[in-house]
Protein chains: 2
Amino acid sequence: MINPATLKDIARLAHVSHTTVSRVINNRPGVRAATKKRIMRLVKELDYQPNLVARSLVVKRSKNLGMIITTIRNPFYLELAQGIEDTARSFEYNVILCCTNHDLFLEGEHIRELKRRGVDGIILTSAQIKDGHVAALAREGFPVVLVNRRVLDPDLSDKVDYIGIDNVKGGEMALEHLLKMGHRRIGIIRGSLESSVTVERMEGACRALTRYGISLEDDLVFGGDYLKGTGYEAAKKFLSLPNPPSAIFSLNDYMALGVYDALTEQGVRVPEDMALVGFNDIEFASLKMVGLSTISQKKYTLGSMAVRRLMERIEGAQAGREWILEPELIIRRSCGYTLAISHGGLAPSER
Amino acid sequence: MINPATLKDIARLAHVSHTTVSRVINNRPGVRAATKKRIMRLVKELDYQPNLVARSLVVKRSKNLGMIITTIRNPFYLELAQGIEDTARSFEYNVILCCTNHDLFLEGEHIRELKRRGVDGIILTSAQIKDGHVAALAREGFPVVLVNRRVLDPDLSDKVDYIGIDNVKGGEMALEHLLKMGHRRIGIIRGSLESSVTVERMEGACRALTRYGISLEDDLVFGGDYLKGTGYEAAKKFLSLPNPPSAIFSLNDYMALGVYDALTEQGVRVPEDMALVGFNDIEFASLKMVGLSTISQKKYTLGSMAVRRLMERIEGAQAGREWILEPELIIRRSCGYTLAISHGGLAPSER
DNA sequence: AATTCTTATGTTAACGTTAACAAAATGATA
DNA sequence: TATCATTTTGTTAACGTTAACATAAGAATT
């Protein structure tokens with residue numbers, strides 16, 4: 001591997017100082033046209049590529065940002081990541097990918113590493129409700145933007161940015177929809193309580209239940225980790241109940257995949273024998289053969305907005321803003337609504 | 001944001017030279033225990049974090065690697081990416097994520113950018129059969145490892161590393177399986193011919209066809225881009241044929257999703273009315289409600305091996321090796337095999 | 001032609017590390 | 001106690017840039 005040409009190499013060949021070359025490279029004014037041309041020719045000829053690590057060192061900007069997500073396996077993060085990557089590139093930023101695998105310790109390690117690497121900012125989607133790492137970053141004013149999950153700490157609200165959707169409303173919409181269709185025993189599958197998303201969606205679900213005068217039954221709530229396996233186990237447990245639910249609300253779509261697996265295995269039909277509503281609207285949900293009703297959020301937009309906001313922060317903007325997008329109920333087959341309609345009517349409560 | 005402590009800060013406070021501090025940080029021998037302890041205490045106290053960009057500049061190693069993929073939307077790359085990320089971290093490497101969106105120009109841009117950033121090596125999954133960017137990297141001896149897709153250029157075979165599976169065999173297995181089950185008109189959906197994967201899998205498919213004395217019909221081959229939409233269009237086209245195929249081989253699973261969409265839309269049952277075999281075994285394929293028969297490859301392993309090999313290359317190993325893993329036929333519902341079995345027999349040709 | 005203003009270029013230092021070498025301090029040996 | 005070997009520490013330069021300031025060369029004004 002040949003050593004790439006440096007500013008000084010070009011300077012020597014062009015009989016100018018390296019500063020002049022630097023000026024040309026960054027096309028700053030104050031260089032005679034002839035000199036500029038001579039230098040440019042050499043730049044082309046030697047295929048000069050500026051050494052960004054050297055530049056980073058002096059300008060104290062790496063044009064790198066860190067993206068911390070729990071696991072890339074969850075398709076939800078795909079679209080988010082795409083929004084982040086695309087938008088970052090449009091700002092000439094590169095993205096360093098970090099997965100925490102739901103491990104708070106690893107999150108800390110990654111943050112430390114990213115700071116050592118001199119990233120200009122971090123987009124973090126793995127925040128926990130009480131998250132010391134995020135708190136520390138926020139307090140020192142390091143540019144972070146939380147996406148999807150947030151920290152719930154009033155002290156921090158003016159020190160950290162957040163972009164997400166109204167999860168309470170989303171949870172409420174999902175449950176309300178099932179309740180409207182006449183379901184009264186509804187199984188709820190949630191992920192970790194350390195995620196604000198869980199708390200908020202549960203809160204929404206409870207609101208809807210309360211409005212219908214129903215209280216949350218312990219047996220009908222299954223807690224896990226937002227991965228497919230949790231959905232599978234939850235569904236199996238629900239089915240084994242003496243009085244199983246007639247509908248399931250899975251707090252994310254990825255777990256709903258597991259629900260489908262368990263139901264298919266036991267010959268339980270969706271939506272005839274069991275209605276199902278998910279959350280996030282991952283690509284899978286929209287497949288015709290699946291038709292998972294779900295609460296949709298604009299994942300790409302979320303990622304894109306997060307990067308844009310991060311850029312503002314890097315440019316010095318004050319922290320402490322938040323953007324809450326609207327969730328949307330997407331009705332497909334799995335909730336049974338379309339079926340009810342085509343059978344010429346809704347459940348009793350709707351008539 | 002407070003400026004982080006530097007070596008010199010610590011040196012000043014510890015009344016030693018910064019070199020001594022550097023020695024302690026990198027725990028090199030030749031520092032008195034007492035001095036070391038004094039420095040260590042300060043390191044802890046000030047929460048000193050070495051500036052990796054400064055270090056990179058002098059040691060000429062960034063401990064960063066670039067991962068270039070076509071699009072993170074294709075679930076195939078998820079698992080691959082995970083293998084890469086996990087393994088990279090185990091070597092204390094960070095991964096810079098780059099998506100080409102199937103654009104060769106963008107691939108070039110990314111490579112250039114990564115080199116400017118001083119990555120130690122690149123893992124590239126977006127190679128085209130004739131790929132000038134890869135060729136250039138290979139010729140200058142830059143550490144690259146190709147995964148999944150390769151360049152087909154005899155001049156380069158001793159200059160570039162490749163890790164993939166035997167796609168010819170995979171294609172052959174898929175088609176042979178369908179042929180064995182009695183199918184004689186088989187629609188084939190392929191992605192871009194610029195990908196070696198396409199050429200190889202097609203080659204395998206043809207071999208199987210030839211063995212059965214069948215020639216490839218133009219109408220039964222649909223070319224696209226390995227994304228879902230292609231599968232959808234292809235299936236619709238096949239169905240509109242005066243004499244539609246009885247089976248479809250989709251060269252990847254992601255397109256098979258589109259096939260399902262089209263078939264479901266038109267009320268064509270899988271596998272009763274149309275058998276279907278995919279390739280890659282993405283998570284979706286294994287869902288019980290889907291049961292997509294497919295050719296499996298160990299995606300995580302591929303990624304992991306690629307990183308390990310890249311590390312060897314960075315340490316100076318000679319280029320020019322390749323690893324070809326074995327594909328595996330995964331029989332699920334969509335190919336109709338299990339159905340045939342349960343009906344007490346196979347298609348005529350198998351009896 | 002001398003003076004001022006402007007434009008073009010150069011010199012030097014800095015960024016935070018590591019590396020090569022030099023020097024000082026310590027311990028062992030005579 | 002002087003000498004040498006060894007251990008510990010320090011000095012300086014380098015990595016490839018940009019930034020601040022200084023200087024030189026031209027052009028414009030008197």
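Chain letters run A, B, ... following the sequence lines, proteins first, then strands; residues in each count from 1. Side-chain atoms are counted along with the backbone in the values below, which use heavy atoms only and exclude waters and symmetry mates.
With rounding to whole Å, L7(A) atom CG is found 13 Å from dC15(D) atom P. Going from atom CG of D9(B) over to atom C1' of dT17(C) covers 13 Å, rounded to whole Å. When rounded to the nearest whole Å, the span between NZ of K8(B) and C1' of dG10(D) equals 13 Å. Taking atom CD1 of I10(A) as the reference point, atom C1' of dG10(C) lies 17 Å away to the nearest angstrom. In this structure, R61(A) atom CZ and dT18(D) atom P are separated by 15 Å, rounded to whole Å. The CD1-P distance, from I39(B) to dT9(D), rounds to 8 Å in whole Å. Rounded to an integer number of Å, the gap from NZ of K36(A) to C1' of dT9(C) is 15 Å. Atom pair L52(B):CG and dC15(C):P shows a separation of 18 Å (rounding to whole Å applied).
R32(A) contributes atom CZ, which lies 10.5 Å from atom OG1 of T20(A) (distance to the nearest 0.5 angstrom).
Using a 4.0 Å cut-off, no side-chain N or O of K60(B) falls inside it from OP1 or OP2 of dT18(C). The side chain of Y48(A) places no N or O atom within less than 4.0 Å of a non-bridging phosphate oxygen (OP1 or OP2) of dG16(D). Side-chain nitrogen and oxygen atoms of R55(A) include at least one within less than 4.0 Å of the OP1 or OP2 phosphate oxygen of dT18(D).
Salt bridge annotation for R308(A)-E312(A): absent, with no cationic side-chain nitrogen under 4.0 angstrom from a carboxylate oxygen.
The side chain of N51(A) sits closest to dT17(D) out of dT17(D), dT9(C), dG16(C). Comparing dT17(C), dC15(D), dT17(D) against the side chain of L57(B) picks out dC15(D) as the nearest.
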Please walk me through it: do T19(B) and R23(B) pass side chain to side chain donor-acceptor pair (under 3.5 Å)? CA-CA 6 Å; T19(B) 312; R23(B) 272 189 272 260; 5.2 Å; no
For a side-chain contact (heavy atoms from CB on, under 4.5 Å) check, start with the C-alpha distance between L227(B) and T71(B), then their side-chain angles and the critical distance, and finish with the verdict. CA-CA 10 Å; L227(B) 298 181; T71(B) 167; 4.3 Å; yes
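Within residues 11-31 of chain B, the residues that have a heavy atom under 4.0 Å from DNA chain C are, in order of number, H18(B), T19(B), S22(B), N26(B), R28(B).
For the salt bridge (charged side-chain N to carboxylate O under 4.0 Å, His left out) criterion with D161(B), the lone passing option out of R313(B), R321(B), R150(B) is R313(B).
Within the 4.0 angstrom heavy-atom criterion, only backbone atoms of the sugar-phosphate kind lie near T35(B); the bases stay farther away.
Within a 6.0 Å sphere centred on CZ of R112(B), heavy atoms belonging to other residues, nucleotides or ligands number more than 12.
No side-chain donor from either of R117(B) and N64(B) sits under 3.5 Å from a side-chain acceptor of the other.
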